[in-house]
Amino acid sequence: MSEYLNQLNDSQREAVTTLEGPVMVIAGPGSGKTRVLTYRIAHLLNSGVAPWNVLALTFTNKAAREMKERIVDIAGSRSNSLWMGTFHSVFARILRRESDKIGYPSDFTIYDTEDSKSVLNEIIKEMKLDKNTYNVNGVRARISAAKTQLISPEQYAKDERIRSRDQMSRRPYIHVIYERYVKRCERAGAMDFDDLLYKFYYLLRDNPEGVKEKYQAQFQYILVDEFQDTNFLQYAILKMLSRYPESKQNVCIVGDDAQSIYAFRGADISNILDFQSEYQDVKVIKLEQNYRSTIHIVNSANHLISYNKKQIKKKIWTDKTEGPKVKILRALTDTEEAKRVAGLIQEYRNRHYIEYKEMAILYRTNAQSRAFEEHLRKANIPYKIFGGLSFFQRKEVKDLLAYLRLVVNENDSEALKRSINYPRRGIGKTSLDKMLDYANKNEISTWRALTELQLPPRTTSSIKEFVQIIRHLQGMAKESNAYQVALEASKLSGLEKLLKQDTSIEGVNRLQNMYALLDGIKEFVEADEIGEGGEVANKSLSSYLQNVALMTDLDQANNEDDYVTLMTIHSAKGLEFEAIFVVGMEENIFPSFMTLNDPSQIDEERRLFYVAVTRSKRLLTLSHAKSRYQYGQIRYNDPSRFLEELPEEHIDAPTPKVKVIGEAPGKGYNTYDASPKGRVSGHFNRSPRSSARPSPKIDTSNFRPSPSDKIAKGQQVLHLKFGKGKVLSVDGSRDKRVATIRFEDVGGEPKRLMLKFAKLQIV
DNA sequence: TCCGCATGCTTTTTT
DNA sequence: AGCATGCGGA
């Protein structure tokens, strides 16, 4: 029964079995975090807790799905009644159920980012504001940030600091836009992603009919995964749900502050840093053993992350001492970088029998994938790029969904705008603008405007036709299932016909995508699942749409095909590979130029690098190019500062070949000198002259490093790579101690070595 | 209404 | 370079 407990180490077991009270699990990379979470939930069930009393929140659907599958394996089908999902999906479900209490229809629409932006554009245009100053993305970000800070439009308008900040960026009218935006969403019966949290918070806070106590009583055990990525609002909800601070709370948060990489979208790292002071008697459990990576990777990661000040103390370690060092690859151009990475991939596969699917190329920005794509294709290496448009964001998919959305919620203004004249039926921009204008003047929904407004006879008859299509489908939705309605919509709307006319490759693809959507709906209808809390899952069109709106990630990954993975570092979080290539290790790229003058953003970039490095089990290659095409021009970037933050003893830096008599000076990357602006110190910028020296002769078999705490000023020491040297000084404290050592055989400045990592033998 | 060209702007991304 | 957006002309 509790066989699973034996599969855990001591701290893991403690995290799994400490069921009562607040628990904070700091889970280093590869430390078995998912295992702990799943076993903990299984353990709760085995300890007699009812599944519907457990709430487990994740950030992605994928994470929730995978965890659920694993729990079902251990604890059986009752796990289906757990409340488990993303913050958004769980709260959307509750909001739907309690919709009458917040004045929303239960079939409310969820606006995705595109919808939100479209609403905002409409407002900005109508207010005749300059769309460059009031750039939609910026405005949306401000509004989203406001909601995340629980600032209503009224508060926003009153808040001096916020207003003066907008004033400074010459956008004094954002508060007006915000107010109108909220009104418009309400009129459309729509919530954006932030609203799912925002409105849920206010539902609890305003507590109509005691809903707050209802859900507090319901969710007796709460778990939150990836807690370092929660924002202020999510934390506020968590505190409210867990009855904080009135009583004892059974909250278990799991995360790693060192892997917090989503501050740019509101994640607040202080949530995890301050958790201990927010809750009382928090049991802190650290999972510090890394089962994933070799010592070279673990120590490199530890070393680089030590450059970040704000951190929860932990010591990640591994017992895997075998393995190659971290490789640094230096290329002249981006093309050469890609070529050589492709070459290494071939070599790993042919000589070391590593499968393609065990290798990944990680980059900072999606745009970097191009060169690699090209060269992988040339080298006949199968690959798959992740990221970019998801299935549900494709135009043809959204087009059909717009009809379905309108069927479920006719007030959905964005769906109406999208579908009314696509396929074309002669309702042009002018007519649409009139409708929107009328709707906004009279504060009614666009749909109502369309039925009330007098327009030229021709337009009127087109509108009538359109209304009839929607009405017909609405009638159908009452008796038929979601699939039947969707199929009918694809025909009646004329979308299928339109797509069939396009016989180009992309056109055929689009049609296939629409069919794939229909298939997906069919699958949804036929699947017989039990939903959260043990309810029989709702198969209506409306519930399908709700699902789909939050279901952006369709995981295309499968285990059958053998291909190299290409993705951004962000999307690699949580994954692991035998071999990792982190490419574009250059200033301006990684760290991104956007972050260069903000130390806290540099810290986030560093955490991102930490995530990248720790994805690797054994092989890690970091590459940079001296020049590359960027924004249509050749740019020269210095090697990333992060490369200098790696411990030398775990690195294989590219040093020019040792000169053989008679051989011409090396060519290609081996002649690459530090660029003129290059930094002075650091292993990879060493001048060719000094690094070309023969390495100091040390008898490695007799080398016995002394304990780092014994190293002191004035000692003569030996280092495997640098040879004999004298300790000039030691500064810093505890595991941050750094020794300054002058090595006899290595010219130039004395070296500064982190004692925690440097292997030195006292002579 | 629609198409085509000019212009401008480039991080990361989940829900 | 590539993409999205916007404006102007047919």
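Order of the sequence lines sets the chain letters (A, B, ...), proteins ahead of strands, with each chain counted from 1. All values below were derived from every heavy atom in this structure, side-chain atoms included, with hydrogens, water molecules and symmetry-related copies excluded. Keep in mind that what you see is a predicted model, and the values were worked out from it rather than measured.
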With the side chain of [X] defined as its heavy atoms from C-beta on, choose the nearest nucleotide among [options].
X: A:N366; options: B:dT11, B:dT15, B:dT12; result: B:dT12
X: A:N421; options: B:dT1, B:dT12, B:dT15; result: B:dT1
X: A:Y631; options: B:dT13, B:dC2, B:dT10; result: B:dT10

C1'-based separation of B:dT14 from C:dC3 [nearest Å]: 23 Å

Nearest-angstrom distance from the residue atom CG of A:N588 to C1' of B:dT10: 14 Å

Nearest-Å distance for atom pair NZ/C1', residues A:K125 and C:dT5: 10 Å

Residues A:V583, A:E337; criterion side-chain contact (heavy atoms from CB on, under 4.5 Å); working and verdict: CA-CA 8 Å; A:V583 300; A:E337 180 188 34; 3.6 Å; yes

Over 12 non-hydrogen atoms of neighbours within 6.0 angstrom of CZ in A:R377: yes

Check every strand shown and say whether [X] touches a base, only sugar-phosphate, or nothing at a heavy-atom separation below 4.0 Å.
X: A:D194; result: nothing
X: A:Y262; result: sugar-phosphate
X: A:F59; result: sugar-phosphate
X: A:T365; result: sugar-phosphate

Base B:dT15 to side chain A:T113, donor-acceptor N/O within 3.5 Å cut-off: yes

A:T595 side-chain N/O to B:dT11 phosphate OP1/OP2 under 4.0 Å: no

OP1 or OP2 of B:dT11 under 4.0 Å from side-chain N/O of A:R265: no

